[in-house]
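Every number for a ligand or one of its atoms is a count from 1 in the order of the listing. What you are looking at is a predicted structure, and each value in this text was computed from that prediction instead of being measured.
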Amino acid sequence: MDDMKILVVEDDRSVLNLITTTLKINHYSYIAASTGNEAVSLCASHHPGLILLDLGLPDIDGIEVIRTIRSWSSAIIIIISARGEDSDKILALDSGADDYLTKPFSIEELLARIRAAMRRMQYIANRDEKSPVFTNGDLVIDYASRIVTVAGTEVHLTAIEYRLLTLMAVNVGKVLTHSFIIDRIWGGGVETDIISLRVYMTSLRKKLRSARPGLNLIETHIGIGYQMLRAEKV
Ligand code: CA
């Protein structure tokens, strides 16, 4: 995946320079756009595998850029958003973005997100749609038999915990918002709140950890949702 191209969309020159310099030093190949329209057109002509997208653009809104690109591209989209805009992040994630980075960010954070995106891309590229088994580090889900094991130990889950886990597994690496999860697990019209979701999630994590203490495959995004991380070694 070393030849994978990254599209950087940022109208702030200094941030753009910071990102592109970081990419250059780390031998990533990239293209850059400073407007939404330019981003859409570069995405169509260069097919980048990863897009680092600023939401506040001078011409069209970043959310519109996501929706447009998502209508034909499965590129991983990481939002680069200013602090304190949880509602913007949620809207961006629900519109098809995969992850977000909050400004100001460190170079290490940026590189960690890019590596995580690469792992997700590799997973998507190698994924056998018909495979009945999902593996992520110590976690193995056998969809056919509905058996979940962690480091070889079977973990007994309730129906809802199992559905939560498989929903995150299918979307591994992507940040799933509370409303997305609630809608997928309980369907529309069912009154399930974020507090109930948190209770189910706590129980699920506890069960996974009981099989392997310290296991942390599910990350909490406070005020936003949850993300299953792709293990470094699968
Ligand atoms: Ca901006």
Asker: When you compare the side chain of Ile114 with that of Tyr28, does any pair of heavy atoms fall below 4.5 Å?
Answerer: yes
Asker: Kindly list each side-chain donor-acceptor pair under 3.5 angstrom involving residues 54-65, sequence neighbours excluded, with atom names and distances?
Answerer:
residue : atom : partner : partner atom : Å
Asp54   : OD1  : Gly56   : N            : 3.4
Asp54   : OD1  : Lys103  : NZ           : 3.3
Asp59   : OD1  : Gly36   : N            : 2.7
Asp59   : OD2  : Gly36   : N            : 3.3
Asp59   : OD2  : Asn37   : N            : 3.0
Asp59   : OD2  : Asn37   : ND2          : 3.0
Asp61   : OD2  : Ile63   : N            : 3.0

Asker: Judged by modelled atom types alone, do Asn17 and Ser14 share a side-chain donor-acceptor pair under 3.5 Å?
Answerer: no
Asker: Output, by chain and residue number, all protein N/O/S atoms separated from the Ca ion (ligand 1) by less than 3.0 Å.
Answerer: Asp11 OD1, Asp54 OD2, Gly56 O
Asker: Say whether Tyr226 and Leu229 are linked into one hydrophobic cluster, either directly or through other cluster members, by side-chain heavy-atom distances under 4.5 angstrom.
Answerer: no
Asker: Under the criterion salt bridge (Lys or Arg N to Asp or Glu O under 4.0 Å), I'd like the reasoning laid out for Asp98 against Arg70: C-alpha separation, chi angles, the key distance, then a yes or no.
Answerer: CA-CA 11 Å; Asp98 294 87; Arg70 258 298 162 261; 3.0 Å; yes
Asker: Taking everything shown except Phe105 itself, do over 12 heavy atoms lie less than 6.0 Å from its CZ?
Answerer: yes
